[in-house]
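Each remark here refers to the structure printed beneath this line.
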Amino acid sequence: MEYKLPERFENSNKSTYGKVLNIAGSDYMSGAAYLSSVSALKVGCGYCYLCSTERVIDAVAAQTQNIVFLPYDNFEKFLKFTPPDVVSIGCGLSQDSQAVEIFNKFLNNVSNEIPVIIDADGLNIISKNSELFISKGFKHCVFTPHPKEAARLLGCSLENVLLDVEASAFKISEIYKCITVLKTHKTIVTAPDGKKYINTTGNNCLAKAGSGDVLTGMITGLTAQSKDLFEASVLGAYAHGLCGDFAKEKLTEYSVMAEDLISYIPNAFKYILD
């Protein structure tokens with residue numbers, strides 16, 4: 001397929017390119033919140049609001065001044081007065097009682113018309129009460145599981161997922177009415193209507209903690225710029241893999257860190273534009 005970046009306009013402002021609300025992080029997982037938020041901005045969204053704990057906000061604020069911060073206590077008020085264009089939830093969220101409470105607030109307060117990207121602990125929380133999530137009826141949703149998370153969502157063994165990755169991805173799309181980005185050595189993107197894409201970029205340097213948080217941020221930031229959800233997922237997976245390929249060439253497959261991937265997003269986009 002042809003990979004097209006979202007269009008940029010001469011006469012535009014930050015609102016033109018969308019507001020991301022990233023619900024991410026817990027007291028001992030601030031890195032996931034940072035990586036997913038900065039990645040969304042790096043692919044071109046206009047705003048990124050990070051909703052997290054005070055401890056995470058302090059940690060991320062020490063690394064970047066480009067994010068708008070939102071403590072969990074102000075979550076419901078924010079949604080009432082500043083509706084986002086896309087929501088991502090789950091990166092580094094944890095599965096403790098506070099995380100479950102935040103996830104339930106998300107279900108109760110976010111319109112099912114708003115695109116949502118769900119990763120990591122968001123998926124793990126769903127797997128424990130899938131009927132509650134399904135009953136919300138999100139109309140524009142992306143799941144980004146790795147194989148273990150896929151197994152939890154399907155209530156099956158990891159071996160069954162790996163036996164037929166494509167069928168597993170389609171089954172998740174069917175059950176949850178979502179785009180599925182199933183992350184393996186050849187990431188597959190599936191949709192409930194039968195569309196599929198098998199990614200051709202990336203390498204084993206991506207097999208490192210935080211890489212998935214970067215992918216979630218990239219898909220979310222692309223979605224904020226009015227990209228079709230399937231196209232945003234495909235482009236995000238492709239560009240994320242390109243980041244890994246450029247990083248491996250420069251740093252070797254051993255030494256690439258998740259934050260290095262973010263620094264290669266411009267290289268990936270230049271490659272796509274050319």
Side-chain angles (χ1 to χ4, degrees), residues 3 5 20 22 24-26 28-45 48 50 56 59-60 62-64 66-67 88 90-93 117-123 142-150 158 162 165 169 180-189 197-223 232-274:
Y3 305 98
L5 294 174
V20 166
N22 185 25
S26 52
Y28 298 99
M29 287 189 281
S30 61
Y34 170 84
L35 293 167
S36 51
S37 297
V38 173
S39 298
L41 288 166
K42 200 73 172 179
V43 299
C45 75
C48 183
L50 172 60
V56 170
V60 175
Q63 298 178 78
T64 179
N66 296 289
I67 297 167
S88 56
C91 295
L93 193 64
I117 320 300
I118 307 179
D119 186 35
D121 286 322
L123 300 175
V142 178
F143 282 12
T144 58
H146 58 53
K148 277 190 177 180
E149 290 160 350
L158 174 61
L162 295 176
V165 173
T180 302
V181 182
L182 183 44
K183 299 175 287 193
T184 67
H185 71 292
K186 288 189 181 296
T187 291
I188 183 165
V189 183
Y197 164 81
I198 299 174
N199 194 42
T200 57
T201 59
N203 59 79
N204 62 24
C205 80
L206 299 175
K208 193 167 287 187
S211 176
D213 302 315
V214 174
L215 175 60
T216 295
M218 292 175 71
I219 293 173
T220 304
L222 290 167
T223 301
S233 299
V234 168
L235 181 59
Y238 179 76
H240 180 260
L242 280 177
C243 292
D245 291 338
F246 283 119
K248 174 186 173 182
E249 183 179 338
K250 186 73 173 179
L251 303 172
T252 79
E253 60 198 7
Y254 298 93
S255 300
V256 176
M257 306 289 282
E259 61 190 338
D260 295 321
L261 300 175
I262 298 172
S263 67
Y264 282 97
I265 289 174
N267 299 68
F269 277 20
K270 285 179 182 178
Y271 180 88
I272 293 169
L273 288 168
D274 290 342

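Between atom CG of residue Leu158 and atom NE2 of residue His146 there is a gap of 9.5 Å, rounded to the nearest 0.5 Å. In this structure, Leu222 CG and Leu235 CG are separated by 5.0 Å, a value rounded to the nearest 0.5 Å. The CD atom of Glu149 sits 10.0 Å away from atom CG of Leu182, with the distance rounded to the nearest 0.5 Å. With rounding to the nearest 0.5 Å, the separation of CG in Leu123 from OG1 in Thr144 is 5.5 Å. For the atom pair His185 NE2 and Asn204 CG, the distance stands at 11.5 Å (nearest 0.5 Å). Taking OH of Tyr34 as the start and CG of Asp213 as the end, the distance is 12.5 Å to the nearest 0.5 Å.
Between Ser30 and Val60, the shortest heavy-atom distance links the atoms O-CG2, 3.9 Å. When all heavy atoms of Met218 and Gly236 are compared, the pair lying nearest together is CE-O, 4.1 Å. Of all heavy-atom pairs between Ser211 and Ala258, the closest is N-CB, 3.7 Å. Scanning both residues, Ala239 and Ala268, for their nearest heavy atoms gives O-CB, 3.7 Å. Closest non-hydrogen pair, Ala120 versus Cys91, comes out as CB-CA, 4.3 Å.
Using a 4.5 Å cut-off on side-chain heavy atoms (C-beta onward), Leu242 and Asn267 make no contact. Contact check for Val189 versus Asn199: no side-chain heavy atoms found under the 4.5 Å cut-off. Thr223 is not listed as a side-chain neighbour of Val142, based on a closest heavy-atom distance of 4.5 Å or more. Between Tyr238 and Thr200, the closest side-chain pair of non-hydrogen atoms falls below 4.5 Å. Residues Thr180 and Pro145 meet the side-chain proximity criterion, which asks for heavy atoms closer than 4.5 Å. Annotation: side chain of Ser263 is not in contact with side chain of Lys42 (no heavy-atom distance under 4.5 Å).
Under the salt bridge (Lys or Arg N to Asp or Glu O under 4.0 Å) criterion, the residue pairs touching residues 249-268 are Lys248-Glu253, with sequence neighbours excluded.
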Requested in this report: Please step through side chain to side chain contact (heavy atoms under 4.5 Å, CB included) for the pair Leu215 and Leu206, ending with a clear verdict.
Outcome: CA-CA 10 Å; Leu215 175 60; Leu206 299 175; over 6 Å; no
Requested in this report: Kindly indicate, with the supporting measurements, whether the criterion side chain to side chain contact (heavy atoms under 4.5 Å, CB included) is fulfilled by Ile219 and His240.
Outcome: CA-CA 9 Å; Ile219 293 173; His240 180 260; over 6 Å; no
Requested in this report: Could you please spell out the steps behind the side chain to side chain contact (heavy atoms under 4.5 Å, CB included) verdict for Leu261 and Ile265?
Outcome: CA-CA 7 Å; Leu261 300 175; Ile265 289 174; over 6 Å; no
Report task. Check the pair Asn66 / Val38 against side chain to side chain contact (heavy atoms under 4.5 Å, CB included), numbers first and verdict last. Result -> CA-CA 8 Å; Asn66 296 289; Val38 173; over 6 Å; no
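Remark: the backbone N or O of Ile198 is not paired with any side-chain donor or acceptor of Lys186 at under 3.5 angstrom. When atom types are taken as modelled, the side chain of Ser26 and the backbone of Gly92 share a donor-acceptor pair closer than 3.5 angstrom.
Ring pair Tyr264/Phe246 is parallel by interplanar angle, where below 30° counts as parallel and above 60° as perpendicular.
By the salt bridge (charged side-chain N to carboxylate O under 4.0 Å, His left out) test, Asp119 pairs with Lys183, sequence neighbours left out.
Side-chain contact, Asn22 with Ser37: a donor N or O sits under 3.5 Å from an acceptor N or O.
For Phe269, the CZ atom sits in a packed shell: over 12 heavy atoms of surrounding residues, nucleotides or ligands are nearer than 6.0 Å.
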